[in-house]
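Quick note: numbers below take in every heavy atom, side chains included, and nothing from hydrogens, waters or symmetry partners. In what follows, residues are counted from 1 in the order of the sequence shown. No experiment lies behind these values; they were computed from the predicted model shown.
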Amino acid sequence: MHIPRLFPICLCWLALSLTAHGVRAQAIQVANLKVEHLRQADLQVANGYLAPGPDGSAIQRTVIANEHPVFGWELTGTAGVAQSAYRILVSTRIDSLTGGIGDVWDSGKVASNASINIPYGGSALSPNATYVWQVMAWNTEDAPSAWSPHATFHTAGQLVAYGTAYHPLQKTDEAPTKISKAGETLRVDFARASFGQLRLNLSSAADGHPVTVRFGEAIHPDGSINRTPGGTIRYAEYPLSLRRGTHTYMVQFKPDKRNTGSQAILMPDYIGEVLPFRYVELEGYGTELLPTDIVRSTVHYPFDDLAAHFESSDTVLNAVWELCKYSIKATSFAGIYVDGDRERIPYEADAYINQLCHYSVDKDFGMARRSHEYLMHRATWPTEWILQSVLMAYNDYLYTGDSRSAAAYYTDLKAKLLLPLREANGLISTKTGKQTPELLRSVHYNGKELRDIVDWPHTGGFGMEGNGEVDGFVFTDYNAVVNAFHYKALCDMNRMALALGKEADARMFDEKAQETYAAFQRLLWNKSTRAYQDGVDTDHSSLHTNMLAMAFGLVPEKHRAHVMSFIRSRGMACSVYGSQFLMDAVYGAGDAEYGLSLLTSQADRSWYNMIRAGSTITMEAWDNKFKPNQDWNHAWGAVPANAIPRKLMGITPLTPGWGTFQVRPQLGSLQHASIKVPTIRGTVTADCRQDGESFRMDLVVPGNTTAQVAIPVRGTTAKRVVINGKASHVKPEKGWISLPALQAGHHHVRVSY
């Protein structure tokens, strides 16, 4: 087995390529400047509200703590936009930049195609200081761009060798979409739930007039708030005693004991406590209530609602996308990925899914990195979730091209591989006596022992319907799911070690991965059932074992059809968390129609069922009956937010930092699908249409990137392939046509059957 080694692809050959084809290099423009991957590095708020302007005592700022922060930008222009050189100016004053002077750093003209992760190289930055900067770039014919607009960043009070930058939390005021009256009760609907606060403008003819304000996430069929919704679906009520005249009232939410415990992420003082709610009722208030009289202040991490978009010919799929995209914004209220409102505790499994979804719906990398690094030293108990820290570290590197986090936490990441649990057979086990205090300390877990989880919950109980979410998984000493994660972590660690120049470690990780791969085939493949079994000492096969084997590259070509047949036979026999790996497996195997059927299902175990149940943020479980204590605001249920762009539309980075990326759409029976995917180098847009006669794609490739495009074909032949109006002699292979590399610009592809 060979584990691919990833290296940044140099675009220096592009000028030669353009010249060879007689194409003139195009004008280049610089936009969207970023410091530490943050586009709004100068963002500041006053008590949560955007507050541009001078600093003040109530201001919370985005600050840069790194002594040598990295700079980046996006290139725009016409076809073939690529960079051959850049020049950065950093100054303490805008007027210096206007004069073409960087009084703290002038990089000079640097011959390089790098447009991300360029480290600051000037004199030492001062703490608590403000800097402005701009950049100029040259194209492959050495023609310069204009200077970019300047951007600003602020340094932290203490500068360090490495520290992750992130934004303060933000508030957005929202008016209700509907106000109605039922008897003596006013009913208010904000259309979607959010974590927020409530501000009321109310009038009274006398002091002491009582009003009851109720908050809820769920309603009864008659439209009234459900006061006993069950589980952790929220309901609350607060009394108000009005003063004479017209006044503004802010409801002060009481902290919940469970979600403000020692492990929980607490709301910062400048924000205050929040509650998830969609509906409000006012009882005892007889005066007319205008939409301007009731304001919900929604709390969220800064989010660009326009950064991503998806639309298709399937209305259910569109609704699922909107639900999941919004869920990522709505659940960002704590500034670190948490498991929903019940506990507000970070967990690796939640963070892994949240990370992939956040990358897919907004051009922000700070919250994901902050959450991942927070968990590095606050591990939770499931064995597989320890291993997922390595997967998150690799995703961070793959999507940003920045290896500094992996370097800073390298020793910790190496410990997260759980190598001391390996046995001579090539598998790891938590049940053979190898868990030691030293091991637990090395992974920063403070409990007594790690335990295998597979999925959650394990078994029925608490009034739950069915027997849990593990598809009857049989737990043995050698857990197939745990070892699938171990294998994936070894592969990812191999790539990061290579990027960091740790070649001896990379070889060791490669060797261990090969041993685990071989053990998986030798000890876990069941020849009679033609599926992977859950452990060495059982012949039971579960969806989880087989979908993770498929998702993580443990299924050789000769077994893929059998494993996919088994996966299809099990349906959605996993939790909303497990669905991440099911979608990765199904699309990884090329079963587009089955993947689409899962995404658009209207069964009880479906994302559409969350909408039907009345939730506007993804749930912790498929339905209340499958987890009676669930909450209605859990980002690990938002898997389609990443499965649609990454798998259905097939847009993923091939090299760290998106220098080269893949477009491999798997539309199934969809007639049309279009998407905007934000990346660190710019936005990828793709519009795909198909009928019985052709497949058409309009694709926009960002500047300084290259797209590797594969188009699905019907049968084994394609009558005609046309790329940007020119016929291309490309033959299908295994149901796909792989196009020549497409450089930056707008491309139109048509395949006729």
Side-chain angles (χ1 to χ4, degrees), residues 4 6 8-23 25-26 75 77-82 113 140 587-590 592 644-655 657-668 670-677 679 681-753:
L6 300 180
I9 288 184
C10 178
L11 297 178
C12 296
W13 54 268
L14 183 56
L16 296 175
S17 175
L18 290 169
T19 303
H21 289 83
V23 179
Q26 299 296 321
L75 301 177
T78 52
V81 173
N113 63 5
T140 52
Y587 281 102
I644 289 172
R646 291 173 59 247
K647 299 301 176 179
L648 187 146
M649 298 301 288
I651 300 174
T652 54
L654 292 176
T655 57
W658 286 85
T660 303
F661 64 93
Q662 173 180 267
V663 182
R664 190 180 176 91
Q666 298 188 61
L667 303 190
L670 289 175
Q671 295 176 330
H672 166 240
S674 63
I675 198 163
K676 286 173 59 178
V677 179
T679 84
R681 292 180 187 262
T683 299
V684 179
T685 67
D687 183 275
C688 300
R689 299 175 185 272
Q690 63 179 359
D691 52 34
E693 298 179 352
S694 66
F695 186 102
R696 290 157 289 165
M697 175 191 289
D698 281 295
L699 176 69
V700 176
V701 179
N704 234 21
T705 69
T706 302
Q708 300 288 349
V709 180
I711 303 294
V713 296
R714 299 177 185 271
T716 58
T717 61
K719 293 181 180 178
R720 185 174 174 82
V721 179
V722 178
I723 305 173
N724 298 328
K726 296 182 179 180
S728 179
H729 302 288
V730 185
K731 294 183 178 180
E733 183 177 353
K734 295 182 179 180
W736 293 88
I737 291 178
S738 295
L739 306 184
L742 299 180
Q743 308 303 326
H746 192 151
H747 302 277
H748 178 72
V749 179
R750 182 185 178 98
V751 177
S752 301
Y753 302 130

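With rounding to the nearest 0.5 Å, the separation of OG1 in Thr685 from CD1 in Ile675 is 10.0 Å. Taking CD1 of Ile651 as the start and CH2 of Trp658 as the end, the distance is 7.0 Å to the nearest 0.5 Å. With values rounded to the nearest 0.5 angstrom, Gln666 atom CD is found 7.0 Å from Arg664 atom CZ.
Among all heavy-atom pairs drawn from Ala744 and Gly703, the shortest one is CB-CA, 3.6 Å. Here the closest non-hydrogen pair linking Arg681 and Gly657 is NE-O, 2.6 Å.
A side-chain donor-acceptor contact under 3.5 Å links Gln690 to the backbone of Gly668. When atom types are taken as modelled, the side chain of Asn704 and the backbone of Asn113 share a donor-acceptor pair closer than 3.5 angstrom. A donor-acceptor pair under 3.5 Å is formed between the side chain of Thr655 and the backbone N or O of Thr660.
Among residues two or more places apart in sequence or in another chain, the salt bridge (charged side-chain N to carboxylate O under 4.0 Å, His left out) test is passed with Asp698 by none. Applying the side-chain hydrogen bond (donor to acceptor under 3.5 Å, both in side chains) test to Arg696 and every residue at least two apart in sequence or in another chain returns nothing. Residues satisfying the side chain to side chain contact (heavy atoms under 4.5 Å, CB included) criterion with Ser738, sequence neighbours excluded, are Ala710. Legend: residues meeting salt bridge (charged side-chain N to carboxylate O under 4.0 Å, His left out) with Arg646, ordered by chain and number and at least two apart, are Asp584. For Val722, the side chain to side chain contact (heavy atoms under 4.5 Å, CB included) criterion is met by Arg720, not counting sequence neighbours. Contacts of Asn724 classified as side-chain hydrogen bond (donor to acceptor under 3.5 Å, both in side chains), with partners at least two apart in sequence or in another chain: His747.
Checking Asp687, Val663, Ile723 one by one against Met697, the side-chain contact (heavy atoms from CB on, under 4.5 Å) holds for a single residue, Val663. Remark: of the listed residues Thr705, Val701, Leu699, Leu699 is the sole one forming a side-chain contact (heavy atoms from CB on, under 4.5 Å) with Val684. No option in Val721, Leu739, Val749 other than Val721 meets the side-chain contact (heavy atoms from CB on, under 4.5 Å) test with Ser728.
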Quiz item: side chain to side chain contact (heavy atoms under 4.5 Å, CB included) between Phe695 and Ile737: does it pass, once the steps are laid out?
Solution: CA-CA 11 Å; Phe695 186 102; Ile737 291 178; over 6 Å; no

Self-check item: Intermediate values then yes/no, side chain to side chain contact (heavy atoms under 4.5 Å, CB included), Thr679 and Phe661
Solution: CA-CA 10 Å; Thr679 84; Phe661 64 93; over 6 Å; no

Quiz item: Can you check side chain to side chain contact (heavy atoms under 4.5 Å, CB included) on Gln743 and Thr706, steps first, answer last?
Solution: CA-CA 5 Å; Gln743 308 303 326; Thr706 302; 3.0 Å; yes

Practice problem: Could you check Val677 against Met649 for side chain to side chain contact (heavy atoms under 4.5 Å, CB included), going step by step and ending with a plain yes or no? | Solution: CA-CA 10 Å; Val677 179; Met649 298 301 288; over 6 Å; no

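Within a 6.0 Å sphere centred on CD of Gln662, other residues, nucleotides and ligands contribute more than 12 heavy atoms.
A heavy-atom distance below 4.5 Å is not found between the side chains of Ile711 and Val730.
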